[in-house]
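Take this structure, written in structure tokens, and hold onto it; I'll ask about it next.
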Amino acid sequence: MSTETEAAAAEAGTPPPAGWEEARSRVYAVGLSAALPAVARPLAEADGHTLAEPLTTRTDLPAFPTSSVDGWAVRGPGPWRVVGRVLAGHTAAPLETDGSTVEIATGAMVPEGTTAILRIEESARTVDGLVTGTPRPAPEWREPGEEAYLGEELLPAGTPVDPAVLGLAASCGHDTLRVRRPPRAALLVFGDELLTSGPPGAGRVRDALGPSVPAWLRRYGCQVRTADVVGPVADTLPAHVAAVRGALANADLVCTTGGTMHGPVDHLHPTLEALGADYVVNTVAVRPGFPMLLARLVGDDGRVRFVAGLPGNPQSAVVALVSLVAPLLAGLTGRPMPVLPHVTLAEPIPGRGDYTHLALARWDRVAGTAYPVRHVGSAMLRGLAGADGFAVIRPGASGAAGDRVPLVPLPLTPGERAG
């Protein structure tokens, strides 16, 4: 941060804004220190949670030798006399003599004494019922521990639980998982000038954040009920204090929209002071998105809760979500700090002086390139609707075509692992 920016902040009576990368790291660390408690959940209820401890196997995988094909489990050289049949889910009796075979199904336990498995389509039967054919040289069965050994760590703590993780957990014998639940979030919309239905007019604008912020939060893995979205909240300090206090009763994170400045009807800072909150980040040197904040409160029950102050301009609010809320949620769930992919700029993107510039961009994942989009003013949403994320132009720099820069992806589908 330049001395000019620091001096301007001091003159305004506010602390200098935190650098964007510093702010992300700070809120992640605070979230991780307040990570949600680990709970046991049945597999059927664990989707969308986060592993609180490593996933290990309760047995070798597979637990016993299993046939990879339908065919004949044979012992010794052929032809072979049929002595039985083994299907999946049954215990196989040993093959005790050379020249014997049992019919075997895919996934069935391979009998002890088996020297080869002959594929059914490569076998024949003699007139007296013997099986003939030439087994392939490579074994046609899976050995115990081929996928994993008893006690082996398969996934680390912090892994999001999705259908693939649930299937893996079940396959190695788990009925429950130790997980961290999804954070509960609420949204408070501030601003008497906002309409909640119909077209804007007569000095009033339509609230775009009430419908969209809960959807973004869900895509970041939060639980947000319809009843947890409140607003517009009246532009008075008592109304703000009551609304925030009420939302904190059931939420781990309360997001607010608007009121992050220090104007005559901006009541968020006095509200946080009245509630005894501590600032984790109070303004970030990023454009758009200025000003944003994250505050921490400790309830009478000792539980830590957070308030994220999002700017009232819609695109700025989304910048605050990707900058502060996404890393905070990663910490709260015990997930790793989101790692940003790098892209090659297809066109120039200007810098924003001392501030980090988060520039809306389309991301060609195949080519690894990013293209800036139009209609990217703080109050605009048209550019956001056609973008895949934000190209990061660091302070004091600009982006030239061909430059490699970080990109903050938007979580474009519910449950997508977002950066």
Does any non-hydrogen side-chain atom of V110 lie less than 4.5 Å from one of I104?
yes
Is it the case that atom CG in D300 sees more than 12 heavy atoms from other parts of the structure closer than 6.0 Å?
no
Rounded to the nearest 0.5 angstrom, the OG1-CG distance for T256 and L187 is 8.0 Å
Between S123 and W72, is any side-chain donor less than 3.5 angstrom from a side-chain acceptor?
-> yes
Here the gap from T344 atom OG1 to D403 atom CG, rounded to the nearest 0.5 Å, amounts to 9.0 Å
Q) Does the pair R41/D175 count as a salt bridge with the N-to-O cut at 4.0 Å? A) no
Rounded to the nearest 0.5 angstrom, the CZ-OG1 distance for R119 and T134 is 13.5 Å
>> Could you check whether atom CZ of R374 has more than 12 heavy atoms from other residues, nucleotides or ligands sitting under 6.0 Å from it?
In response: no
- Query: Just wondering, more than 12 heavy atoms not from E153 lying within 6.0 Å of its CD?
  - Reply: yes
Is the shortest heavy-atom distance from the side chain of L168 to the side chain of L154 under 4.5 Å? yes
query: Is the closest side-chain heavy-atom distance between P182 and C222 below 4.5 Å?
result: no
**Asked** Any chance CZ of R382 has more than 12 other-residue heavy atoms, nucleotides or ligands included, within less than 6.0 Å?
**Response** no
When rounded to the nearest 0.5 Å, the distance separating CG of N282 from CG of L294 is 10.5 Å
field: Residues D228, R184: salt bridge by 4.0 Å N-O rule
entry: no
- Does the ring centre of H240 sit less than 6.0 Å away from the ring centre of F190? yes
Does the cation-pi check pass for R26 over Y28, that is, NZ or CZ under 6.0 Å from the six-membered ring centre and within 45° of its axis? no
Student check: side-chain heavy atoms of W216 and L410 closer than 4.5 Å = yes
Could you tell me if the side chain of V281 sits less than 4.5 Å from the side chain of V284, heavy atoms only? yes
Would you say that F290 contacts P17 through its side chain, given a criterion of any heavy-atom pair below 4.5 Å between the two side chains? yes
### Query
Can you check whether P270's main-chain N or O pairs, donor with acceptor, with E273's side chain at less than 3.5 Å?
no
Original post:
Looking only at atom types and distance, does a side-chain atom of T271 sit under 3.5 Å from a main-chain N or O of H267, one as donor and one as acceptor?
Top reply: yes
task: With R24 as the cation and W20 as the aromatic partner, state whether NZ or CZ is under 6.0 Å from the six-membered ring centre and within 45° of the axis.
output: yes
Test side chain to side chain donor-acceptor pair (under 3.5 Å), reference D252, set R303, Q223, R305, output is R303
Counting N and O atoms only, with roles assigned by atom type, does the side chain of Q315 sit under 3.5 Å from a partner on the main chain of P288, one being a donor and the other an acceptor?
no
Between V30 and V27, is any pair of side-chain heavy atoms under 4.5 Å apart?
no
Tested for side-chain contact (heavy atoms from CB on, under 4.5 Å) against P183, the lone hit among L328, V224, T50, L329 is L329
CZ of R58 to CG of L150, rounded to nearest 0.5 Å, is 10.0 Å
Can you tell me if T106 uses its side chain to pair, donor with acceptor, with the backbone of D70 under 3.5 Å? yes
message = Tell me whether E122 at atom CD has more than 12 heavy atoms from other residues, nucleotides or ligands lying less than 6.0 Å away.
response = yes
I'd like to check F306 versus L297 (side-chain heavy atoms, cut-off strictly below 4.5 Å). Are they in contact?
no
Here the gap from H49 atom NE2 to D162 atom CG, rounded to the nearest 0.5 Å, amounts to 13.5 Å
